[in-house]
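Here's the structure, in structure tokens; my notes come after.
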Amino acid sequence: LGVLVGLAGSYFWAALMCLALLPVATAPVPYLVGITFLCRAGVMGGSSATWLATSAAFPTSVRSSAHGFLNAGGRIGGLLSTLLPKNLPGVVAFSLFAGANMGCAVVAAVLRYLL
């Protein structure tokens with residue numbers, strides 16, 4: 001139970017930090033660096049707890065299939081990011097990145113409570 005609570009808490013923390021990244025246009029650089037660090041800490045904590053929790057819950061075949069699926073999703077996202085216009089303001093690009101990460105963190109936390 002402790003691992004699962006840490007899992008959801010880490011992903012909620014990451015989502016909150018992504019929300020704090022959204023007012024990027026007027027934020028000073030030290031603020032951005034600090035919040036980005038805290039967001040990454042939440043994502044890393046959730047990821048670590050996910051690796052611990054899934055080894056007890058799923059057989060290796062299911063875990064490897066899910067890992068391959070998520071790896072493919074990351075590659076598709078990398079390909080799609082090249083389609084963004086070259087003259088896109090940095091604020092918009094950063095807000096898209098923070099919003100996508102926040103959405104993923106919220107989905108992961110909600111799924112943790114539903115499953």
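If you read the sequence from its start, that first residue is 1, and numbering goes on from there.
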Which side-chain N or O atoms in residues 27-45 pair as donor and acceptor under 3.5 Å with protein atoms at least two apart or in another chain?
unit_1, atom_1, unit_2, atom_2, d
Tyr31, OH, Ala20, O, 2.6
Thr36, OG1, Leu32, O, 2.6

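- One finds the OG atom of Ser47 at 10.0 Å from the CG atom of Leu52 (value rounded to the nearest 0.5 Å).
- Looking at residues two or more places apart in sequence or on another chain, you find a side-chain contact (heavy atoms from CB on, under 4.5 Å) between Pro89 and Val92.
- With sequence neighbours excluded, no residue forms a side chain to side chain donor-acceptor pair (under 3.5 Å) with Ser61.
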Return a table of donor-acceptor pairs under 3.5 angstrom between the side chains of residues 72-80 and protein atoms on other chains or two or more places apart.
none

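- The side chain to side chain donor-acceptor pair (under 3.5 Å) pairs that include a residue from residues 6-21 are Tyr11-Thr50, where partners are two or more places apart or lie in different chains.
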